[in-house]
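What follows is a short report on a single structure.
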Amino acid sequence: MRKALKCSLEKEQIEYKNTLDFIDGYEIFLYGDERDHFELIPMMEKNIYSIHYPLDRCDILDIAKEFRSEYAQKVFDVCKKLNVGLVLHAESKYYEIMASKDVDAFCDFIKENNITLHIENCYRDIGAIEAIQIRRYIRARVGLEKVYSLLDTCHLMMSEMSFKYDELSFSEAIDKYKSKNFIIHLNDCIGSGEKETGGIHGTNFSHNLYLLNNILWRLYNLENEGYYAKLVLECDEEDFIHNPNAVALAHNIDKFWKTY
């Protein structure tokens, strides 16, 4: 089981996370400001699995409006150089994306530059099913082997669509999101992310090992079908260096995995 941590392009973070033996790689987490020291990437001693566009503008519509900017072009150049995919959010509604001329131009650019996209399900009023529909639309424009769904377990639990319609269970979501380039975000940081706790970010696997075991068991069986997931253990976004929850989550993952 391949496990990664989010890591920003800051020297202290990279130096510390290079020492962690419980992870295999990184998802580079971009801020979109002067903290993004792209020149530090060669310091990373583990595999880089993906790059996450800055959270304040990572929705498909947002990046489609700025993909020609100097910053965005720098990110695309890094993706091409490292041969890794770019993580975007599916926050806007499907019909808004379909109607956007900016999205059309963005898709043409992505196709021409042979860049891979990972489209992450989000929360609020965009559910996991609509995120798949959005991925299918972008995939039809860009190419089957260049656009993949990324499953965020916390966002799945936080989605208002899920609460209204119980649209997907974890097992069903994993089956619908699986691919040959499968990334899953697991967050065990703050609260549980469940409706009962106000939708606080996190999935609270430390207190719900039954759920974690079920997710891992499904992934273990998918490996026999040729689907090898990368698990990104999300850190507390207020402190990317000290991550005791991620350490505990990695330990529990390894503990379960060895029993299968």
Side-chain angles (χ1 to χ4, degrees), residues 1-7 13-14 16-29 44-52 84-85 87 116 118-121 128 132 148-158 162 168-194 201-237 239-260:
M1 172 54 63
R2 292 168 291 180
K3 304 184 296 300
L5 276 180
K6 284 191 175 181
C7 185
Q13 275 197 56
I14 297 171
Y16 171 66
K17 292 180 180 178
N18 279 342
T19 68
L20 301 177
D21 60 4
F22 63 86
I23 61 167
D24 309 297
Y26 302 119
E27 178 173 283
I28 294 178
F29 183 91
M44 294 180 154
E45 299 175 358
K46 301 178 187 294
N47 294 320
I48 298 171
Y49 292 137
S50 51
I51 298 176
H52 199 300
V84 298
V87 178
T116 299
H118 299 279
I119 298 179
E120 178 179 344
N121 62 302
I132 292 176
Y148 300 92
S149 292
L150 186 157
L151 179 62
D152 187 296
T153 59
C154 175
H155 291 169
L156 181 66
M157 296 178 76
M158 291 172 68
S162 293
L168 283 177
S169 69
F170 275 94
S171 181
E172 289 173 320
I174 288 171
D175 283 340
K176 290 182 181 295
Y177 274 69
K178 67 184 180 185
S179 70
K180 300 298 183 181
N181 198 340
F182 193 14
I183 298 177
I184 297 179
H185 284 176
L186 294 179
N187 186 311
D188 193 15
C189 301
I190 309 171
S192 70
E194 297 165 353
H201 199 225
T203 320
N204 205 13
F205 290 117
S206 298
H207 295 86
N208 196 342
L209 293 178
Y210 177 81
L211 175 59
L212 178 62
N213 181 41
N214 283 341
I215 291 174
L216 293 174
W217 177 245
R218 185 70 194 106
L219 295 178
Y220 175 80
N221 283 282
L222 283 178
E223 287 201 357
N224 294 326
E225 302 174 25
Y227 298 100
Y228 296 90
K230 306 179 189 77
L231 297 183
V232 177
L233 314 182
E234 295 195 304
C235 307
D236 185 340
E237 289 162 4
D239 186 349
F240 271 82
I241 296 179
H242 304 97
N243 38 62
N245 293 73
V247 174
L249 180 56
H251 173 75
N252 286 326
I253 289 171
D254 291 340
K255 184 177 179 180
F256 279 124
W257 201 259
K258 290 175 182 177
T259 67
Y260 300 153

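Starting from 1, each residue takes its place in the sequence as its number. Just so it is clear, the values below take in all heavy atoms, side chains as well, and ignore hydrogens, waters and symmetry mates.
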Kindly compute the distance separating [atom1] ([X]) from [atom2] ([Y]), expressed to the nearest 0.5 Å.
X    : Y    : atom1 : atom2 : answer
I23  : K17  : CD1   : NZ    : 7.5 Å
I253 : M1   : CD1   : CE    : 7.5 Å
E45  : T19  : CD    : OG1   : 9.0 Å
L219 : I174 : CG    : CD1   : 5.0 Å
H185 : L151 : NE2   : CG    : 9.5 Å
L212 : T153 : CG    : OG1   : 9.5 Å

Where [X] and [Y] come nearest, the two heavy atoms and their spacing:
X    : Y    : result
S179 : Y227 : O-CD2, 3.2 Å
A128 : Y177 : O-OH, 2.7 Å
L216 : W257 : O-CZ3, 3.5 Å
L5   : A246 : CD2-CB, 3.7 Å

Contact between [X] and [Y] at the side-chain level, heavy atoms closer than 4.5 Å - yes or no?
X    : Y    : result
E27  : H118 : no
K230 : F182 : no
N47  : R2   : no
L231 : L249 : no

Between the main-chain N or O of [Y] and the side-chain N or O of [X], is there a donor-acceptor pair closer than 3.5 Å?
X    : Y    : answer
Y26  : N18  : yes
R218 : D175 : no
K46  : L20  : yes
K178 : A229 : no

From the list I183, N121, L186, I184, side chain to side chain contact (heavy atoms under 4.5 Å, CB included) with D152 holds only for N121
inquiry  = Side chains of N181 and Y49: any donor to acceptor distance under 3.5 Å?
reply    =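 Absent: no donor and acceptor within the cut-off.
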Contacts of N252 meeting side-chain hydrogen bond (donor to acceptor under 3.5 Å, both in side chains) (sequence neighbours excluded), chain-then-number -> none
Quick note, salt bridge (charged side-chain N to carboxylate O under 4.0 Å, His left out) partners involving residues 240-259, not counting sequence neighbours, are K3-D254
Y220 vs Y260 aromatic rings, parallel, tilted or perpendicular, using cut-offs 30° and 60°? tilted
Practice item. Take H52 and V232 through the test side chain to side chain contact (heavy atoms under 4.5 Å, CB included) and record every step on the way to the result. Key: CA-CA 11 Å; H52 199 300; V232 177; over 6 Å; no
